Amino acid sequence: MLNKNDVVTVEITDIGVGGEGIGRVDGYTLFIKDAIIGDVVEAKVMKAKKNYGYARMMEIIHPSADRVEPKCAFARKCGGCQIQEMSYERQLAFKEQKIRGNLERIGGFDRGKIDAVMEPVEGMDEPFRYRNKAQFPFGTDKEGNPVTGFYAGRTHDIIANTECILGVEQNREILEIILQYMKENCVAAYDEKSGKGLIRHVLIRYGFTTKEIMVCLVINGTKLPKADRLIKKLTQLEGMTSITLSPNTRRDNVIMGNSYEVLWGQGFITDYIGNVKYQISPLSFYQVNPVQTEKLYGLALEYADLKGTETVWDLYCGIGTISLFLAQKAKQVYGVEIVPQAIEDAKNNAKINEINNAAFYVGKAEEVLPDYYEEYAKTHGGEKARADVIVVDPPRKGCDETLLETIVKMEPEKVVYVSCDSATLARDLKYLCENGYEIRKVRGVDQFPETVHVETVVLLSHKKPDGHINVKVEFGDGEGKVPLDNIAKRAETYKPKERVTYKMIKEYIEAKYGFKVHTAYIAEVKRDLGLPMYDAPNAVEELKQPRKHPTPEKVEAIKDALKHFEVI
Ligand code: SAH
């Protein structure tokens with residue numbers, strides 16, 4: 001065993017899921033950030049556990065053949081890139097290995113099977129400057145000057161740097177203009193600790209095809225002093241299309257406010273993925289790497305192999321990006337997404353592209369599809385609802401089993417699974433493959449070069465053609481059609497009667513806002529609202545630490561969930 005502060009020389013022989021190098025000293029495993037396979041390094045043990053420890057790289061004694069000079073001077077300090085010192089080829093190999101490893105370990109697929117279906121990871125020709133979106137925090141340096149840059153890994157300390165090589169070149173000038181405006185007009189940066197100061201973040205978006213620029217300032221207040229001076233400078237930049245303000249006075253880690261106000265120009269920029277046009281507002285979700293997104297959706301489309309007669313579901317559809325791509329080749333597409341605003345965007349995007357065969361529904365995929373399936377059987381004398389292709393693109397936690405169950409029942413010929421986390425992907429593939437499906441193709445798409453993340457697209461097909469007659473189903477109003485709206489209405493009417501559990505509230509909040517809330521907090525909000533409490537008497541005692549109160553943001557999220565479930 002090694003102890004804290006021991007200094008050792010070690011060869012890196014493996015890589016962890018977070019991109020850290022792994023080396024062994026007399027059977028003791030060390031995780032060493034910034035060291036890569038093939039390096040021999042001198043490292044100092046920072047934290048020692050029984051069987052493994054974490055060490056800091058002090059010196060590279062012998063560099064790996066895969067080591068490259070990071071392009072960014074802050075690569076080691078900044079939390080954004082984890083593997084910039086690895087050659088791009090090696091990065092792609094690492095990502096493929098990550099997908100393979102999960103399929104093997106979590107999915108239980110054997111190596112021969114994986115080899116037969118795995119295609120090489122789709123990389124970028126130029127793995128820098130690929131991001132169309134950047135969010136820079138503002139702070140104040142020791143001399144009292146405003147600074148902007150990036151958070152150092154795992155902290156909220158700002159490293160002053162207006163030049164990030166993952167972002168577009170235009171970011172730099174925009175940031176310099178904002179910093180200068182702040183200095184000249186004594187506009188203070190927000191300070192997380194005291195909650196004082198005005199400028200919190202800037203969100204910059206750039207349309208790669210249209211060259212349109214959006215600048216959205218997130219401020220701790222509602223008004224920007226001498227805004228005209230800033231606008232004057234910013235509008236001199238070529239492509240400036242939208243300048244907005246998003247007030248955020250909450251004291252939490254969520255960057256954007258809940259709304260935005262247009263200061264100049266319009267409230268959105270336009271961009272294209274392939275030939276589909278999208279309007280993107282400051283609060284819309286939009287894929288950050290447009291070059292790779294086009295490849296990702298192209299691959300999903302290739303795997304779906306549509307002929308124009310198919311009914312396709314796109315579950316977890318966001319603003320309808322994949323749906324609209326597929327709609328051009330399918331007979332009809334149905335998109336399902338939990339965030340109402342995203343569905344508004346999806347409908348609008350369908351409209352501006354004159355796509356009329358895509359319909360969108362707000363709701364949880366694991367509720368909308370099973371409801372539809374049941375309703376169909378009821379209105380069609382027990383007959384099964386079918387779909388030709390089902391596409392899923394869930395968040396990191398993967399698909400709910402209720403959803404997978406319904407997919408299996410509907411027996412689509414193909415399932416295309418787009419995933420941002422190959423671990424939950426492997427888990428879900430295991431289920432589908434135990435229930436009638438077979439993996440045909442797997443391919444990683446490198447949406448985030450220089451980081452450890454990778455997207456994966458999988459094509460599954462139904463194993464055996466069965467004896468079913470494939471009845472073409474039409475949705476909408478009229479005889480023999482499946483009334484999707486009725487399903488939505490029915491869902492509305494039974495919801496209030498349903499017992500709304502804390503689990504449901506937590507799941508809703510996590511899916512919509514991306515954070516967890518404690519049971520005790522939900523109880524507190526319910527109590528504050530004067531709602532009846534049916535909870536177990538010990539429910540509140542679950543909170544181990546001294547009793548804290550939920551942040552205003554969490555209170556809002558809980559209220560929103562209570563409204564959603566019609567408790568209030
Ligand atoms: N396919 C889209 C978005 C994928 S991100 C695109 O490529 O742009 C995953 C999406 O799933 C998010 O928009 C998120 O809001 C949504 N989501 C999360 N949980 C969900 C659920 N249970 N049911 C439906 N959508 C969900």
Side-chain angles (χ1 to χ4, degrees), residues 132-133 205 256 271-274 276-281 283-301 303-304 312-327 333-350 358 360-372 389-407 416-421 424-425 428 445 447-448 453 455-458 488 491 503-516 557 560-561 564-565:
N132 59 12
K133 172 187 172 184
R205 279 185 145 144
M256 301 300 294
D271 201 23
Y272 288 82
I273 299 176
V276 183
K277 186 157 114 182
Y278 299 92
Q279 279 180 359
I280 313 143
S281 81
L283 301 178
S284 304
F285 170 85
Y286 189 65
Q287 297 276 2
V288 298
N289 181 336
V291 173
Q292 292 302 90
T293 298
E294 190 169 341
K295 292 185 193 164
L296 185 73
Y297 296 166
L299 198 59
L301 193 62
Y303 283 1
V312 181
W313 288 80
D314 176 19
L315 306 172
Y316 310 89
C317 70
I319 59 165
T321 12
I322 298 180
S323 319
L324 299 180
F325 234 63
L326 297 169
V333 178
Y334 298 99
V336 180
E337 158 66 42
I338 200 168
V339 177
Q341 181 58 44
I343 289 291
E344 287 305 307
D345 285 348
K347 287 181 178 166
N348 185 42
N349 288 328
F360 296 97
Y361 300 94
V362 180
K364 284 186 178 178
E366 63 271 27
E367 286 176 4
V368 174
L369 201 68
D371 275 3
Y372 158 77
V389 180
I390 296 183
V391 179
V392 295
D393 183 6
R396 307 199 117 219
K397 67 175 181 189
C399 297
D400 196 282
E401 202 165 300
T402 325
L403 173 65
L404 296 177
E405 241 170 61
T406 308
I407 293 178
V416 178
Y417 197 131
V418 182
S419 158
C420 55
D421 185 336
T424 54
L425 167 73
D428 293 350
V445 176
Q447 292 270 80
F448 307 106
H453 304 290
E455 295 268 321
T456 314
V457 190
V458 178
K503 189 161 166 266
M504 288 158 71
I505 294 173
K506 286 180 184 180
E507 282 175 0
Y508 174 85
I509 293 173
E510 195 171 5
K512 182 164 173 189
Y513 295 90
F515 53 73
K516 292 188 168 48
D560 175 29
H564 174 81
F565 292 113

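Both counts, for ligands and for their atoms, begin at 1 and track the order of listing. In this chain, numbering begins with 1 at the start of the sequence shown. Model, not experiment: these values are computed from the prediction.
Looking at heavy atoms from C-beta onward, Leu296 lies in side-chain contact with Gln447 at the 4.5 angstrom threshold. Here the side chains of Val336 and Leu369 are not in contact, with every heavy-atom distance at 4.5 Å or above. Side-chain contact check for Cys317 versus Val391: every heavy-atom pair is 4.5 Å or farther apart. Two residues are said to be in side-chain contact when any heavy atoms from C-beta on lie closer than 4.5 Å; Lys516 and Ile509 fail this criterion.
Under 4.0 angstrom from ligand 1, there are no non-hydrogen atoms of Ala342. Counting heavy atoms closer than 4.0 Å to ligand 1, residue Thr321 contributes side-chain atoms (C-beta onward) but none from N, CA, C or O.
Of all the atoms in ligand 1, the ones that sit under 4.0 Å from a non-hydrogen atom of Gly363 are 23 (N), 24 (C). Every atom of ligand 1 with a heavy atom of Cys317 under 4.0 Å away is listed here by number and element: 1 (N), 2 (C).
At the top of the distance list for atom 3 (C) of ligand 1, counting protein heavy atoms only, stands Tyr316 O, 3.6 Å. For atom 22 (N) of ligand 1, the closest heavy atom belonging to the protein is Glu366 OE1, 3.0 Å. When hydrogens are left out, the protein atom nearest atom 14 (C) of ligand 1 is Glu337 OE2, 3.5 Å; that is the closest non-hydrogen contact. With respect to atom 23 (N) of ligand 1, the closest heavy atom belonging to the protein is Ala365 N, 2.9 Å. Atom 19 (N) of ligand 1 has Ala511 CB, 3.8 Å as its closest protein atom, hydrogens excluded (heavy atom only).
A distance-only check finds no donor-acceptor pair linking the side chain of Gln287 to the backbone of Asn289 [under 3.5 Å].
A heavy-atom separation below 4.0 Å is found between Tyr297 and ligand 1. Using a 4.0 angstrom heavy-atom cutoff, Pro395 counts as in contact with ligand 1. Under the 4.0 angstrom criterion for non-hydrogen atoms, Ser323 is not in contact with ligand 1.
Looking at ligand 1, you won't find any N or O of Lys364 less than 3.5 Å from one of its N or O atoms. Between Ile338 and ligand 1, at least one pair of N/O atoms sits closer than 3.5 Å. Close N/O approach between Val339 and ligand 1 is not found [any backbone or side-chain N/O within under 3.5 Å].
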Inset, instruction - Any chance you could lay out the side-chain hydrogen bond (donor to acceptor under 3.5 Å, both in side chains) test for Tyr513 and Asp560, step after step, and finish with the verdict? - result: CA-CA 10 Å; Tyr513 295 90; Asp560 175 29; 2.5 Å; yes
Inset, instruction - For salt bridge (charged side-chain N to carboxylate O under 4.0 Å, His left out), just list the numbers for Glu507 and Lys364, CA-CA rounded to whole Å, side-chain angles, deciding distance to a tenth of an Å, and then say yes or no. - result: CA-CA 10 Å; Glu507 282 175 0; Lys364 284 186 178 178; 3.7 Å; yes
Legend entry - Verdict with supporting geometry, Ile280 and Asp271, side chain to side chain contact (heavy atoms under 4.5 Å, CB included): CA-CA 8 Å; Ile280 313 143; Asp271 201 23; 3.9 Å; yes
Inset, instruction - Evaluate side chain to side chain contact (heavy atoms under 4.5 Å, CB included) for Phe285 paired with Asp345, printing each intermediate quantity in order. - result: CA-CA 9 Å; Phe285 170 85; Asp345 285 348; over 6 Å; no
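Nearest to atom 5 (S) of ligand 1 by heavy atom, out of Asp393, Ile319, Val362, is Asp393.
By the 30° and 60° cut-offs, the orientation of the rings of Tyr334 relative to Trp313 is tilted.
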